[in-house]
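Presented below is the structure to which this report refers.
By convention in this document, chain letters (A, B, ...) are assigned in the order of the sequence lines, proteins followed by strands, and residues within each chain are numbered from 1. Quick note: numbers below take in every heavy atom, side chains included, and nothing from hydrogens, waters or symmetry partners.
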Amino acid sequence: MEYNFSDIEKKWQHQWTVDGRYKVKTDPSRPKYYVLDMFPYPSGAGLHVGHPLGYIASDVYARFKRLKGFNVLHPMGYDAFGLPAEQYAIDHGIHPAVSTDANIRSFRKQYDNIGFCYDWDREVRTSDAKYYKWTQWIFLQLFKSWYDRRQGKAMPVEDLVGIFEKEGNLAHPCPGNTATRFTAAEWKGFDHRRQEEILMNYRLAYCGYGEVNWCEALGTVLANDEVINGVSERGGFPVVKKKLRQWYLRITDYADRLLEGLEKVDFSDSMKEMQSNWIGKSFGAEITFDVYAPDTTPAAPGAPPTSHVTGFAAHPPGDPSLATHTTRSGITPAPHRLTVYTTRPDTLFGVDFMVVAPEHELIEKITSAEQHTTVEEYIAYVKSRSERERMAEKKITGCFTGAYAVHPFTGLHIPIWISEYVLAGYGTGAIMAVPCGDERDFKFAQYFNIPITNIIGEHFNGTEANPTKEAKLENSGFLDGIVMKDAIVFMIEKLEQKGIGTRKVNYRMRDASFSRQRYWGEPFPIIWQDGIAIPLDEKELPLKLPHVEKYGPGPEGEGPLANVPAWTARHLETNTMPGYAGSSWYFLRYMDPHNDEVFCSRAASDYWGQVDLYIGGTEHAVGHLLYSRMWTKALYDLGLIGHDEPYKRLVNQGMIQGSSRFVYRLELKGTHQVEERIKKTPVFITYGIRNIEGEPEFHELVTLGVRNIFNEPSLELDSIAVSTLHVDVNIVDGSELDTEAFKKWRAEYANAQFMLEDGKYVCGTEVEKMSKSKFNTVNPDDLVNRYGADTFRMYEMFLGPVEQSKPWDTKGIEGVHRFLRKLWRLFFDENKGKIWTTEQATPAELKSLYKTIKKVEEDTERFSFNTGVSALMIGVNELTDLKCHKKEVLEKLIVILTPYAPHVAEELWQLIGNPGSILDAPYPKVEEKYLVETAKNYPIAINGKTRTELNIALDATQQQVEAMVLADETVKKWLEGNSPKKVIYVRNKMINVVI
RNA sequence: GCCCGGAUGGCGGAACUGGUAGACGCGUCAGACUCAAAAUCUGGUUAUCGCAAGGUAGUGCAGGUUCGAUUCCUGUUCCGGGCACCA
């Protein structure tokens with residue numbers, strides 16, 4: 001009886017589905033475990049062996065937890081809305097719903113081959129109206145909520161209206177615009193439209209007018225995390241800043257909680273760091289400087305120089321920039337103020353100039369008449385530059401405004417410059433520049449010849465800024481002699497006393513842009529009436545996406561929905577939600593996927609709670625993971641769920657890289673005749689020959705070869721070039737090319753000739769990203785057909801740690817396949833048939849079994865599947881050596897194998913006459929008594945130097961060993977006059993006495 | 001530039017809180033079975049010296065702590081990943 005994996009796997013996959021073995025029920029009487037995969041975007045491209053890695057790992061773990069008695073939720077679905085489907089529709093005229101559906105079907109077909117234990121009854125698709133009804137509903141909850149910073153949680157907007165009517169907004173400054181301040185009376189005086197405008201600025205999902213990342217090629221705006229190096233993440237199209245009306249999520253109000261939440265979840269350090277860097281919390285101070293601006297109108301010709309400049313202290317000698325500026329006429333005090341944000345208020349005495357962003361509103365008010373043209377030109381220049389150029393070039397640019405700020409402690413005037421290195425969107429859009437301590441400020445000062453004040457003495461060498469916090473301050477007035485890091489607090493207190501500065505926390509993270517000018521996404525359940533956004537009645541949900549024939553953008557940057565008359569007639573919002581909307585809460589829907597009354601019943605979400613284990617790639621670090629964490633927190637605040645972090649533990653699977661193979665084609669220059677023949681008969685040289693390219697014998701060797709191939713003994717070659725080409729890895733065995741398959745691979749290679757080494761054509765190799773264009777993809781279907789799903793699953797796990805990236809090598813799969821056949825042979829012999837028996841197992845056999853169970857159980861539990869597979873292999877090898885065919889032993893072995901190779905385990909389970917399914921078998925308990933070891937001679941050493949041996953039972957405890965060793969006569973002699981510091985007992989190796 | 005992570009045989013990788021390297025698999029070599037091949041099985045496989053028993057060196061490099069270091073500390077090189085004018 002042979003191991004016929006393909007029959008076995010088909011049979012059981014079918015049987016399990018028929019029996020509903022993977023159906024999961026909410027059952028509060030049992031402990032739950034929730035294992036979740038990041039659901040895929042159903043793209044049209046086929047799968048390669050890298051894709052299922054995470055799914056296999058989660059499947060192994062889900063099955064393991066099930067055997068251990070947990071009620072395991074392990075669902076799957078599709079993130080079906082998104083740009084590529086729409087792009088495909090534009091290019092091919094196929095409706096996204098149709099192509100998405102087709103893609104999902106082919107996905108499912110490929111995945112089903114591998115034998116996953118998903119409960120498909122719980123499948124969700126974000127593009128399904130039954131699903132996005134609730135995405136829209138949650139959006140409305142966010143729209144109807146605001147973030148109460150005093151309580152640190154989201155609250156209904158109705159409450160906010162009540163507060164405004166009672167006390168205005170003085171206790172709750174407007175997050176959208178801090179300048180908006182009003183009393184209760186004023187609030188009541190506002191008209192409806194104004195009130196709505198104000199409320200909009202508080203909502204968690206709000207519509208605002210702001211600078212966005214506009215991608216012309218995609219015809220939509222993108223969130224910050226969808227823009228990489230100035231181009232779109234999808235497609236790599238250029239992205240520019242543009243002012244547009246957009247929807248946003250007020251994720252910034254959750255910044256602190258998103259940060260704090262990281263402390264109570266089990267994510268990798270690098271993942272936590274990526275998220276906290278993205279949030280980018282920094283502590284510092286805002287400092288306000290008085291600004292003295294010169295006349296902004298040109299002085300009349302011949303007018304006398306004004307000398308009534310007050311408040312200007314004398315300038316330090318040898319300060320040419322200030323000297324020249326202050327002698328100029330036309331400077332008058334003006335009532336302007338410039339607020340900067342700094343993390344280093346301790347360096348305030350080192351400020352040599354100020355820099356404002358080119359978009360800063362103060363510029364037009366303070367620019368001197370003299371500098372007017374220069375400033376205008378500079379701003380025009382900055383506008384002409386794309387985000388991309390700015391990032392790529394990093395040129396030092398800037399210009400002087402002609403205005404000065406006044407130092408609050410020294411009274412010195414500090415020139416105010418404009419430069420693009422200061423970003424309008426961060427902090428106050430203005431900085432105080434301290435060249436001796438900040439590298440950018442230093443370079444700027446150098447470039448524009450601005451004198452540098454040194455406040456850190458010898459720590460500053462004049463050629464490089466030093467951002468230390470450890471130096472003692474000099475030239476710093478009341479801070480002199482204080483170490484910088486201590487001076488920070490001191491300075492802030494002083495600034496607060498003077499009323500010109502305050503402690504301030506800043507975040508890099510911006511509110512998330514939440515609208516797309518696209519078709520294939522969730523419509524917003526919003527109607528616009530006279531500029532007021534009115535939420536659709538929840539009874540009207542889902543607001544279904546209308547069918548369209550054309551997917552082009554609407555007028556004036558609006559989405560395709562603006563071309564649908566029925567849509568615009570109702571004044572419905574024409575934008576759609578971004579790709580991350582549906583994925584921000586899908587883990588909740590799986591808990592209660594068919595509920596029409598509510599997005600997820602409280603009973604279901606209370607039972608299933610957090611995702612215990614979430615598996616997926618790192619690429620969602622700052623997108624999906626952050627958004628879904630925010631949604632969870634908002635839903636928690638509103639009392640809709642009982643937990644505020646969605647994922648308890650996150651595992652990021654590594655990438656499986658491709659192992660590319662190369663062939664080397666000759667490009668010959670010689671007589672016309674030769675070139676013609678090479679065209680018809682391409683010649684490839686093996687790696688060994690190509691490797692000596694450049695050596696003297698290379699030319700001779702190739703010439704000889706070519707003469708042979710074309711049978712022209714006198715042929716001469718002028719020059720030989722070699723081009724390197726990717727070749728399909730599937731026609732290469734290790735590094736040896738299957739030359740016949742190669743000839744069939746491409747029509748133009750049908751007549752190919754090869755120059756070999758040792759009778760083989762050896763390919764070059766390199767590890768690269770797996771991709772179709774590099775011909776290094778391996779299709780899982782092929783491997784499943786050839787070796788079976790069980791082998792494939794085990795091999796993917798055997799490759800190495802799940803979290804680690806590693807290159808794919810198909811050859812090794814043979815080893816795992818051999819293992820499964822070897823296992824089979826413990827039960828059945830090819831000739832004799834059944835060889836398993838019901839005899840009683842020997843202690844040696846049980847010892848081997850329990851050792852294996854212990855190791856596999858531990859490894860599986862701690863997610864070390866590669867060593868788990870190894871342990872199974874060792875177990876089978878040992879039982880084979882022991883010629884153990886006993887059911888008592890084997891049936892336990894296959895239970896622990898089940899998570900890895902469920903099909904063969906089930907088949908054997910049945911064949912040895914067990915009732916029921918192995919999927920429901922209990923996980924075997926380790927009988928420790930069989931692991932007890934027999935006595936063994938140990939070498940005893942003093943300080944590592946071996947002296948003698950002692951017979952000790954292998955399961956003796958440390959104390960027992962110590963007592964025996966110290967009682968030994970020989971040891972006693974050694975120790976005369978010494979007392980042992982320590983007796984170290986090294987299992988299976990030696991006993992070391994340290995004196 | 002900054003912040004993480006890593007470096008172990010020909011290859012993928014083991015080694016749990018320091019315990020006396022290289023598990024397991026691939027590849028490879030030798031042998032058994034076979035007319036032969038495949039499959040299967042057995043044994044060897046870090047390098048080096050030795051017929052052998054055995055010795056010596058060895059976890060990127062240079063030091064340190066320790067009876068003992070792949071594991072801890074300091075410095076350094078290289079590779080991978082993330083961020084990138086965030087004041």
### Message
Checking side-chain contact (heavy atoms from CB on, under 4.5 Å) between Phe442(A) and each of Ile452(A), Asn466(A), Asp352(A), which is the one that passes?
### Response
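Passing option: Ile452(A).
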#### Entry: The single option from Leu625(A), Val265(A), Leu262(A) passing side-chain contact (heavy atoms from CB on, under 4.5 Å) against Met271(A)
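With Met271(A) as partner, side-chain contact (heavy atoms from CB on, under 4.5 Å) holds for just one option, Leu625(A).
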Mind checking whether [X] and [Y] have side chains closer than 4.5 Å, heavy atoms only?
| X | Y | result |
| --- | --- | --- |
| Ile488(A) | Met491(A) | no |
| Ile853(A) | Leu849(A) | yes |
| Ser282(A) | Tyr341(A) | yes |
| Trp808(A) | Glu796(A) | yes |
| Arg508(A) | Trp278(A) | no |

How far, in whole Å, is [M] from [N] if one measures between their [atom1] atoms?
| N | M | atom1 | value |
| --- | --- | --- | --- |
| U70(B) | G19(B) | P | 10 Å |
| U42(B) | A47(B) | C1' | 26 Å |
| U20(B) | C67(B) | C1' | 11 Å |
| A14(B) | C72(B) | P | 16 Å |
| G27(B) | C11(B) | P | 15 Å |
| G81(B) | A38(B) | P | 41 Å |
| A7(B) | C29(B) | C1' | 29 Å |
| U71(B) | C49(B) | C1' | 31 Å |

Can you tell me the Watson-Crick or wobble partner of [N], both distances under 3.5 angstrom?
| N | result |
| --- | --- |
| G1(B) | C83(B) |
| A23(B) | none |
| C72(B) | G64(B) |
| A15(B) | none |
| U46(B) | A57(B) |
| A7(B) | U77(B) |
| A39(B) | none |

Check every strand shown and say whether [X] touches a base, only sugar-phosphate, or nothing at a heavy-atom separation below 4.0 Å.
| X | answer |
| --- | --- |
| Ile874(A) | sugar-phosphate |
| Val422(A) | base |
| Ser864(A) | nothing |
| Asn877(A) | sugar-phosphate |

### Query
How should the glycosidic conformation of G25(B) be described, syn or anti, under the criterion that syn lies within 90° of 0?
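Nucleotide G25(B) adopts anti.
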### Task
With rounding to the nearest 0.5 Å, note down the distance linking CD1 in Ile56(A) to CZ in Phe792(A).
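The distance works out to 4.5 Å.
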It should be established whether [X] places a side-chain nitrogen or oxygen under 4.0 Å from OP1 or OP2 of nucleotide [N].
| X | N | result |
| --- | --- | --- |
| Arg821(A) | U40(B) | yes |
| Arg818(A) | U40(B) | yes |
| Tyr426(A) | A87(B) | yes |

Return the value, rounded to whole Å, for the distance between atom [atom1] of [X] and atom [atom2] of [N].
| X | N | atom1 | atom2 | value |
| --- | --- | --- | --- | --- |
| Arg508(A) | C3(B) | CZ | P | 14 Å |
| Phe819(A) | U40(B) | CZ | P | 15 Å |
| His817(A) | C26(B) | NE2 | P | 13 Å |
| Lys822(A) | C24(B) | NZ | C1' | 12 Å |
| Lys469(A) | A87(B) | NZ | P | 10 Å |
| Lys883(A) | C41(B) | NZ | C1' | 10 Å |
| Lys851(A) | C16(B) | NZ | P | 17 Å |
| Asp859(A) | C24(B) | CG | P | 14 Å |

### Message
Under a plain distance cut-off of 3.5 Å, with no hydrogens placed, do Asn776(A) and Ser660(A) share a side-chain donor-acceptor pair?
### Response
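Short answer, yes.
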#### Entry: Residue pair Arg337(A) / Thr339(A), side-chain donor-acceptor N/O under 3.5 Å
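No - no donor-acceptor pair under 3.5 Å links their side chains.
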#### Entry: Glu858(A) or Thr618(A), whichever maps to the more 5' nucleotide of RNA chain B
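The 5'-side residue here is Glu858(A).
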### Query
Mapping Tyr795(A) and Tyr507(A) onto RNA chain B by nearest heavy atom, which one lands closer to the 5' end?
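This one resolves to Tyr795(A).
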### Task
Quick one, give me the B/S/- string for nucleotides 6-13 of chain B, reading 5' to 3', where B means a protein heavy atom under 4.0 Å from the base and S means that only happens at the primed atoms, P, OP1 or OP2.
------BS
### Task
Kindly state which residues belonging to residues 650-658 of chain A come within less than 4.0 angstrom of RNA chain B, counting heavy atoms of the residue only, listed by number.
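RNA chain B contact set from residues 650-658 of chain A: none.
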### Task
For Lys272(A), look at atom NZ and say whether over 12 heavy atoms of other residues, nucleotides or ligands are found less than 6.0 Å away.
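Enclosed.
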### Task
Mind running side chain to side chain contact (heavy atoms under 4.5 Å, CB included) on Tyr381(A) and Glu420(A) for me, showing each step along the way?
CA-CA 10 Å; Tyr381(A) 160 78; Glu420(A) 56 183 335; 4.1 Å; yes
### Message
Given C41(B), C85(B), G82(B), identify the nucleotide with an atom nearest to the side chain of Glu420(A).
### Response
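My answer, after comparing the listed nucleotides, is C85(B).
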### Message
Heavy atoms from C-beta onward define the side chain here; which of A87(B), A84(B), U42(B) lies closest to that of Thr343(A)?
### Response
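Output: A87(B).
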### Message
Holding to side-chain hydrogen bond (donor to acceptor under 3.5 Å, both in side chains), I want the full list of residues that pass it with Thr428(A), two or more places apart in sequence or in another chain.
### Response
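Testing Thr428(A) for side-chain hydrogen bond (donor to acceptor under 3.5 Å, both in side chains), a comparison that skips the adjacent residues, returns none.
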